[in-house]
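What follows is a set of notes on a single structure, which appears directly below.
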Amino acid sequence: MRIVLGVGGGIAAYKVASLLRLFTEAGHHVTVIPTEAATRFVGTATWEALSGNPVSNSVFDDVHQVNHVRLGHEADLVVIAPATADLLAKAASGQAGDLLTNTLLMAHGPVLFAPAMHTEMWQHAATRANVETLRSRGAAVLEPATGRLTGSDSGPGRLPEPEVIFDAALALVQGQSDYQLPLAGRTVTISAGGTREPLDPVRFLGNRSSGKQGVALAVAARNAGATVRLLAAHMEVPPPAGVEVVPVETALQLREAALAAAVDSDVVIMSAAVADFRPSEVSDTKIKKRDDSADPVITLVRNPDILHELVELRNSGGHAERQQLIVGFAAETGDSHGDVLAYAEAKLERKGCDLLVVNHVGADKVFGQDTNSVVILARSGSEPQEAAGTKTEVSATIISRIGFELNHVSPRA
Ligand code: CTP
């Protein structure tokens, strides 16, 4: 496919180098047209090297090739990223002062704008009107991601992640009307890893969770267009780029972070392995072994069930304006009293969450491995859905199921 990648003059231009890579690695021929302002952020040499094609934004370069007409005509897709307020305004008013705006006027195929700007600019009536105009003419304008912006401010206005723009672009070319991606504009909170319950300043009770599944879910949710908050207990893998990370250690810290994050979340996924118990006392000093003392005894007390609390908060109208979807995880083994699914169905009922992702643990363990096999149970009563493969593949299935529930299934309790 022939793609024109128009780069606007915003700090997010550097992220577009990754988008360019995604396009070229997928075998597409990409012509990059940066605005003059964009070249102040990322130089022409970078675009030429990464695209393997000459780069210009002047209508007076290679005039014999009539680039200002040809590039738009030949393109199967035009992607503008970052689409700045200025570029959206120029496109909406049909200006043609440089090669990029000429190309937009000559484009025959789909055009995708991926905006990035400060929140006030995005919400300004002028920008809203420009976006409306462009959409009414058939252009696709992505919703920007929400999160930290260039300065200390945060809000809607971040450039969607390169993978998000990539997926949206392909969906657009395939004629899918839902190029906005299933979780666009949604905030998703995901807990990951294993909590650690301290005994003294150097010792803790922990578990074998690696955090791989939670991180894979965070990537899948991010790529589906969501703003992702990762509540990270102990993990063996680094958190992904493009998500907000809230580090936690204990179950009580995770509870506090989860209840706070839930207030403005459309989805909460509890994939962390939360310790059900914690030592009743934490020693301020290292517990010493002494020949004259008896063997120490550790007394445990129950930790709160965070998932259950989240459901109760939601059901009591704690954040009434949102129809929040809550997803639990369960590691189950069958025994003489019942099979895995029977236990899982009872747990779904007990916890009250909307979806329960069930891992069958046993001979082939789940912890730390890169593959997984799960069954997704729904409280709505729909058929159990199976997913198997790498944790990335399983996560993609879970996230698309969540998108389906949010967009197509009626409101919850
Ligand atoms: N969970 C939680 N708070 C806890 C323990 C678990 O929120 N204190 C969440 C986990 O993140 C997971 C789900 O609950 O999403 C299932 O946890 P699990 O330990 O399997 O369930 P339990 O209710 O503890 O049942 P069991 O008797 O099987 O241990």
Side-chain angles (χ1 to χ4, degrees), residues 188-198 204-218 221 229-235 246 248-262 265 267-280 300-315 318 324-362 365-367 372 374-379 387 391 394-395 398-399 401-402 405:
V188 178
T189 293
I190 301 171
S191 70
T195 64
R196 288 178 162 185
E197 309 297 325
F204 57 82
L205 299 179
N207 61 62
R208 290 184 192 278
S209 175
S210 65
K212 283 181 184 167
Q213 183 72 71
V215 165
L217 282 165
R229 204 175 280 145
L230 185 68
L231 312 182
H234 175 73
M235 306 196 306
V246 181
V248 295
E249 187 174 352
T250 64
L252 291 181
Q253 287 170 0
L254 177 56
R255 171 182 178 272
E256 202 174 307
L259 293 180
S265 294
V267 181
V268 183
I269 307 175
M270 283 296 296
S271 69
V274 188
D276 284 323
F277 302 96
R278 67 180 182 278
S280 60
L300 300 175
V301 291
R302 250 194 135 99
N303 273 327
D305 186 331
I306 306 168
L307 180 58
H308 190 64
E309 271 191 71
L310 287 165
V311 170
E312 294 212 310
L313 180 68
R314 191 269 312 272
N315 291 355
Q324 189 175 70
L325 187 98
I326 301 179
V327 183
F329 269 68
E332 294 290 347
T333 51
D335 62 20
S336 55
H337 299 292
D339 69 3
V340 171
L341 271 192
Y343 278 124
E345 269 157 17
K347 186 171 286 184
L348 176 65
E349 206 46 49
R350 200 166 61 242
K351 299 257 185 185
C353 50
D354 305 294
L355 297 177
L356 189 71
V357 181
V358 186
N359 281 310
H360 183 179
V361 290
K365 292 189 221 71
V366 176
F367 289 123
N372 203 355
V374 303
V375 178
I376 307 171
L377 298 184
R379 212 155 58 89
K391 286 186 173 173
V394 169
S395 298
I398 296 168
I399 292 298
R401 175 61 186 269
I402 288 171
E405 293 278 327

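All ligand and atom numbering here is 1-based and tracks the order in the structure.
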Taking 4.0 angstrom as the limit and counting only heavy atoms of [X], give me the atoms of ligand 1 inside it, by number and element.
X      : answer
Asp305 : 2 (C), 3 (N), 4 (C), 7 (O), 8 (N)
Pro304 : 3 (N), 4 (C), 8 (N)
Asp276 : 4 (C), 5 (C), 8 (N), 19 (O), 24 (O), 29 (O)
Gly328 : 15 (O)
Met270 : 7 (O), 11 (O), 12 (C), 15 (O)
Phe329 : 12 (C), 13 (C), 15 (O), 16 (C), 17 (O)
Ala272 : 10 (C), 11 (O)

Identified side chain to side chain contact (heavy atoms under 4.5 Å, CB included) partner of Val375 from the options Val357, Leu341, Leu356, Asn359
Leu341
Testing Val340, Leu348, Ile376 for side chain to side chain contact (heavy atoms under 4.5 Å, CB included) with Val358, which one passes?
Val340
Ligand 1 N/O within reach of [X] N/O, cut-off under 3.5 Å:
X      : value
Asn303 : no
Val274 : no
Ser271 : no
Glu332 : no

Got the closest protein heavy atom to [atom], with its distance?
atom                    : value
atom 3 (N) of ligand 1  : Ile306 N, 3.0 Å
atom 20 (O) of ligand 1 : Lys347 NZ, 2.7 Å
atom 14 (O) of ligand 1 : Lys351 NZ, 2.9 Å

Is a salt bridge present between Asp354 and Arg314, judged by a nitrogen-to-oxygen distance below 4.0 Å?
yes
Could you tell me if any non-hydrogen atom of Arg350 lies under 4.0 Å from any atom of ligand 1?
yes
More than 12 heavy atoms of other groups within 6.0 Å of Glu256 CD
no
Taking all atoms of both residues into account, what is the closest heavy-atom pair of [X] and [Y], and its distance?
X      : Y      : value
Arg229 : Ala261 : NH1-O, 3.2 Å
Ala233 : Thr195 : CB-N, 3.9 Å
Leu252 : Pro304 : CD2-CD, 3.6 Å

How many angstroms lie between atom CD of Glu405 and atom CZ of Arg379, to the nearest 0.5 angstrom?
11.0 Å
Can you confirm whether Thr189 sits close enough to Ile269 that some side-chain heavy atom of one is under 4.5 Å from a side-chain heavy atom of the other?
no
Test side chain to side chain donor-acceptor pair (under 3.5 Å), reference Asn372, set Lys212, Lys391, Gln213, output is Gln213
Note: heavy atom closest to atom 9 (C) of ligand 1, options Leu307, Leu348, Val357, belongs to Leu307
